[in-house]
Number of protein chains: 2
Amino acid sequence: MSKLLKAYDRSRVPLYIQVASVLRTRIQSGQWAAGEKISTLEELEQEFEVARVTVRQAVDILREEGLLQARQGLGTFVSRKTQDRHWVKLATNWNSLIESLKGNVPRRLSIDYDSKPNLADSDGELASSYVKLRSVQYRNEDPYSVVNVHLAREVFDLKPDRFKNAAALVTIDEMREITLRNAHQMLVIGSADPEVADLLKIPIGAPTVEAHCVVIDDGGIAIYVGDIIYRSESIKLQIDLLGPQPVLPKRGRNGVKVDLPRRKSRRA
Amino acid sequence: MSKLLKAYDRSRVPLYIQVASVLRTRIQSGQWAAGEKISTLEELEQEFEVARVTVRQAVDILREEGLLQARQGLGTFVSRKTQDRHWVKLATNWNSLIESLKGNVPRRLSIDYDSKPNLADSDGELASSYVKLRSVQYRNEDPYSVVNVHLAREVFDLKPDRFKNAAALVTIDEMREITLRNAHQMLVIGSADPEVADLLKIPIGAPTVEAHCVVIDDGGIAIYVGDIIYRSESIKLQIDLLGPQPVLPKRGRNGVKVDLPRRKSRRA
DNA sequence: CTCAATTTGTTCGTATGTATG
DNA sequence: ACATACATACGAACAAATTGA
């Protein structure tokens, strides 16, 4: 029994697929550079402790993907053109979040006028009613996130047309009449259900990044609740550990007067 | 051809596994409450457009997991005791990071005295030499992260014994003689290679959160470079969008004099 | 109590995919 | 390339348990 069979039992994914993904990672991470000759079939056979045919199946997959080229009698080589992935940087503060949304064009899927969001503990209080907006975000014709937004009805009614056609947060950011008390985001790793898989063009069960984003106004009401599902492939998160700059009130030039977070309580 | 077959082609994961994970998500998300009767086999058959037996295989998996209970003639029900997962909150600032590390006991795997870390663009300059520490972090006997730390040799030599036996960042935090200029973290979603899968007790290819954490001293040298791989299951990330409090210099009571990040440049 | 409707449980046959040696 | 074994997936038929009319 191969060393991997214990792990194989855990995963249930066909062995040759597993081997393929390990090899793919080695190429994409640069562990095997472009043009380089990779281990021989025999070496791989021994390393993974699987049959020769199984290794071949794995290599075949990567050949179809264009990552590998095999030449009889010579060996298997990493293709030259290994274009690196283009990353989408997830925003970790209000300003960059708004900035990143400005260019985006959401494709609206549906609007539902009678729906309530799920709130966690520190997500403020429910508004009396919400409008639910569903859309998909694209970047170069490629879908990269599914967005489910619950917008407090009173806020939506202030600029219904604008909210229907632009990113909701950008619109909120522009509205002088709204003052924010808090805005936060909770991220977890999930996996794509059939519907999301279809929208994002990824396999069912593929890992996703699920963001639960809540904006609370000065009345303590959750006026915006966004549940956003990103395809995890192209997501990067940059976090400055030593105090990212606080959002300063001067930001008000754009209309939003932001309450500074309280210095206390956080570490209580 | 079933609606899912196109997606199936994308994923290559056995159909019944895919169906099982969708059902599992519905239960864990509370979409199907505890005690509730779920759709009949026939309905699921139609929804997923797969054969009866395939649905049954999926249900069987969840029964073995204890999530479902089936009763002939009656239906299939969600088990009462759906204990929710216990999350590990990833730290997003220095103080909470240090705090979260203090209790932890790393199990050292190896020490390598001749190894260089991979640095990204804004990761500062390389020190002349590094010590590489490899360990696994546990929480209640369960492994949850694999840690690969490169520590500047000069820093390591100041307290070699301490660094060998405690979390490196905590030790750095305690050292008066070190002043920090910058510390940041880059997160991406990856997948487990055989070695990591074995250490974290997860299937090969299971999604992981890869953190690239860099600490730069006042000389611009990357004195600490940690590549940490978390099992993604139990990771939560909480981000305050409206200005998380900056780490104040008063923190120096603990020995570390921290340079405030510069107000400029960031948005240049 | 019996009957019918509903729903899970079981089995057969067949075709294809996966993995070994 | 071949022979073997087992896993995956389909469709269909039938058996067994539960409920309510």
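For the helix from dT2(C)-dA21(D) to dG21(C)-dC2(D), the angle separating the two terminal helix axes comes to 20°, with each axis derived from five pairs and the value rounded to 10°.
With rounding to whole Å, Tyr16(A) atom OH is found 9 Å from dG17(C) atom P. Note: CD (Glu45(B)) to C1' (dA12(D)) measures 11 Å, nearest angstrom. Rounding to whole angstrom units, CZ of residue Phe48(A) and C1' of dT20(C) are separated by 18 Å. Taking atom CD of residue Gln18(A) and atom C1' of nucleotide dA19(C), one finds them 13 Å apart after rounding to whole Å. Regarding Gln57(B), its CD atom lies at a distance of 11 Å from the P atom of dA7(D), rounded to whole Å.
In this structure Ser232(A) satisfies the side-chain contact (heavy atoms from CB on, under 4.5 Å) test together with Pro207(A), Val209(A), Ile189(B), sequence neighbours excluded. Partners of Ala192(A) under the side-chain contact (heavy atoms from CB on, under 4.5 Å) rule, at least two apart in sequence or in another chain, are Val196(A), Ala197(A), Ile202(A), Thr208(A). Residues passing the side-chain contact (heavy atoms from CB on, under 4.5 Å) test with Ser122(A), sequence neighbours excluded: His184(A). The side-chain contact (heavy atoms from CB on, under 4.5 Å) check on Arg134(B) picks up Leu109(B), Ser110(B), Val146(B), Asn148(B), Glu195(B), Leu199(B), with sequence neighbours excluded. Judged as a side-chain hydrogen bond (donor to acceptor under 3.5 Å, both in side chains), and not counting sequence neighbours, the contacts of Glu45(A) are Arg52(A).
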B/S/- along nucleotides 10-15 of chain C (protein heavy atoms under 4.0 Å) is B-----
Would you list the atom pairs, donor with acceptor, under 3.5 Å between side chains in residues 55-64 of chain A and any protein atom, with sequence neighbours excluded?
from: Asp60(A); atom 1: OD1; to: Arg63(A); atom 2: NH2; distance (Å): 3.3

For a quick test of your reading: what N or O donor-acceptor pairs under 3.5 Å do the side chains of residues 125-133 of chain A make, sequence neighbours left out?
from: Ser128(A); atom 1: OG; to: Glu154(A); atom 2: OE2; distance (Å): 3.1
from: Tyr130(A); atom 1: OH; to: Ala127(A); atom 2: N; distance (Å): 3.0
from: Tyr130(A); atom 1: OH; to: Ala222(A); atom 2: O; distance (Å): 2.7

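In this structure, Lys37(B) places its NZ atom where more than 12 heavy-atom neighbours from other residues, nucleotides or ligands lie under 6.0 Å away.
Side-chain contact check for Cys213(A) versus Leu241(B): some heavy-atom pair is nearer than 4.5 Å. Looking only at side-chain heavy atoms (C-beta outward), Trp87(B) and Ile235(B) stay at 4.5 Å or farther from each other.
In this structure, CD1 in Ile27(B) is found 8.5 Å from CD in Glu65(B), a value given to the nearest 0.5 Å.
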Give me, pair by pair, the N or O atoms of the protein and of nucleotides 1-6 of chain C that are less than 3.5 Å apart, along with how far apart they are.
none

Enumerate the protein-to-nucleotides 3-6 of chain D contacts in which both atoms are nitrogen or oxygen and the separation is below 3.5 Å.
none

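Between Thr54(A) and dT18(C) there is no side-chain N or O to OP1 or OP2 distance below 4.0 Å.
Residue pairs satisfying the salt bridge (charged side-chain N to carboxylate O under 4.0 Å, His left out) criterion with at least one member in residues 107-118 of chain B, sequence neighbours excluded, are listed as follows: Arg107(B)-Glu141(B).
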